[in-house]
Amino acid sequence: MDLALLRTFVTVHRAGSFTRAAALLGLSQPAVTSQIRTLERQLGRPLFLRQARGVTPTTIGDELAHKAAPHLDALVEITESGLDEKSRLRTLHLAGPPEFTAERALPTLTGLAAEDGQGLALRASFGTAEEVLEGLSAGHHDLAISTARPRGALLTAAPLCDEEHVLVAAPRWAAGTGAPPLRREDVSALDGVPVIEVHESLPFVSRYWLSVFDARPAVPGTVIVPDLRAVLACAVAGAGLAVLPRYLCAEALRRGDVLALHEPAVPPLRTYFLVVRTGTLALPHVARAHERLFQAAADWC
């Protein structure tokens, strides 16, 4: 059986779509369709059921994928491991939210650049969870950090770490609310405090209010900036209250630039997932970065 046909089949199985598989393989959609039909003729059985949106594997298709995929992944690993030393430099394309990627992931991965003579070139891009997962699915990235767990067989995700959220404000606002610490029943004291957020929908503040106070914030956003580091800078400058990841505001809290207005017994958490395309951990440079991030994450939580 032609290995190229099997490779195309496994890619379609993981992608759930001829179109997406074609993009990952660098082929046209008709070429992918033709290869799958050839394989189906060879086997004498249909491998996929065509639907309006993508394809669904048949029972035979699932069985073949589960048998063939591990061996194809192993062949990729053998091929990559056997490269000549002069061509060992590999480029890792990483995508994730701007603040976490810049503050956590990139400092961790830059240490791989000259490690053991196996250099790693690094390219990073920022985006929302939806954007980075779409880019990973399309083959634009090798690794993605996401606050959403993807569905389907194309992407494989594992929890990386949990991010604790803290309600903070400059000392002058804290004094005005009678905080810290703010008691749960005194949340109305915050109604007159301006809100700093990353979006008009107040995603961080609304999540905190619902989780901790079982209510919704009464004040609309006063300062909207699409980066949590800018939110912190505005909070330090006294623009109002904000909800921030603890790792991002820990130093400002230590210096007293901002104060925690509330310390709930169970703080709101947000989980980050490390996501790869299924099978790509067979690539040494992807596996090294994946392992390094998990090692570092043990100290982040």
Side-chain angles (χ1 to χ4, degrees), residues 1-83 87 90-95 123 125 127-146 148-158 273-287 289-290:
M1 188 176 293
D2 189 341
L3 287 179
L5 297 182
L6 279 177
R7 177 171 176 260
T8 298
F9 162 72
V10 169
T11 304
V12 172
H13 185 272
R14 287 170 170 169
S17 161
F18 284 177
T19 302
R20 190 177 295 140
L24 291 170
L25 293 166
L27 301 174
S28 66
Q29 183 176 334
V32 170
T33 302
S34 176
Q35 289 187 24
I36 295 301
R37 286 176 176 169
T38 298
L39 187 57
E40 288 177 328
R41 284 196 299 269
Q42 291 179 2
L43 295 172
R45 303 288 291 275
L47 298 173
F48 296 104
L49 300 176
R50 280 67 169 176
Q51 298 179 331
R53 293 185 177 182
V55 294
T56 300
T58 62
T59 301
I60 296 298
D62 268 335
E63 290 179 359
L64 179 59
H66 293 153
K67 291 178 180 178
H71 299 290
L72 289 171
D73 292 341
L75 287 173
V76 171
E77 183 176 8
I78 292 170
T79 302
E80 290 289 325
S81 300
L83 292 171
S87 59
R90 286 288 176 267
T91 300
L92 180 81
H93 294 269
L94 173 72
R123 302 290 183 271
S125 59
T128 63
E130 181 180 3
E131 290 167 346
V132 300
L133 292 178
E134 285 182 357
L136 182 64
S137 298
H140 301 316
H141 317 307
D142 301 308
L143 280 177
I145 298 169
S146 170
R149 185 191 287 272
R151 298 179 178 179
L154 177 61
L155 303 179
T156 300
F273 298 92
L274 189 55
V275 193
V276 297
R277 286 189 306 282
T278 302
T280 57
L281 285 178
L283 301 174
H285 69 298
V286 177
H290 191 270

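Since we're looking at a predicted model, the values are computed, not measured.
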- [ ] Evaluate whether atom CZ of Arg50 has more than 12 neighbouring non-hydrogen atoms of other residues, nucleotides or ligands under 6.0 angstrom away.
- [x] yes
- [ ] Verify the neighbour count for atom CD of Glu130: are there more than 12 heavy atoms of other residues, nucleotides or ligands below 6.0 Å?
- [x]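 At most 12 heavy atoms, drawn from other residues, nucleotides or ligands, come within 6.0 Å of this atom.
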TODO: Kindly state each residue pair satisfying ring pair (Phe, Tyr, Trp, His ring centres under 6.0 Å) with at least one member in residues 40-60, sequence neighbours excluded.
DONE: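 Counting only pairs at least two positions apart or across chains, the ring pair (Phe, Tyr, Trp, His ring centres under 6.0 Å) contacts touching residues 40-60 are Phe9-Phe48.
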Looking at [X] and [Y], would you say the former's side chain and the latter's main chain have a donor-acceptor pair under 3.5 Å?
| X | Y | result |
| --- | --- | --- |
| Thr278 | Ala153 | yes |
| Arg20 | Ala15 | yes |
| Thr280 | Val276 | no |
| Gln29 | Phe18 | no |
| Arg277 | Ser137 | no |
| Asp142 | Val286 | no |

Open item on the list: Is there a side-chain contact between Val55 and Val12 in this structure, where contact means two heavy atoms from C-beta onward sitting under 4.5 Å apart?
Closed with: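 Side-chain contact under 4.5 Å: yes.
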- [ ] Evaluate the side-chain proximity of Leu39 to Gln35: yes if any heavy-atom separation is below 4.5 Å, no if none is.
- [x] no
- [ ] Check the side chains of Thr38 and Arg41 for a donor-acceptor pair under 3.5 angstrom, ignoring hydrogens and angles.
- [x] yes
TODO: With side-chain hydrogen bond (donor to acceptor under 3.5 Å, both in side chains) as the test, would you mind laying out the steps for Arg37 and Ser34 before giving the verdict?
DONE: CA-CA 5 Å; Arg37 286 176 176 169; Ser34 176; over 6 Å; no
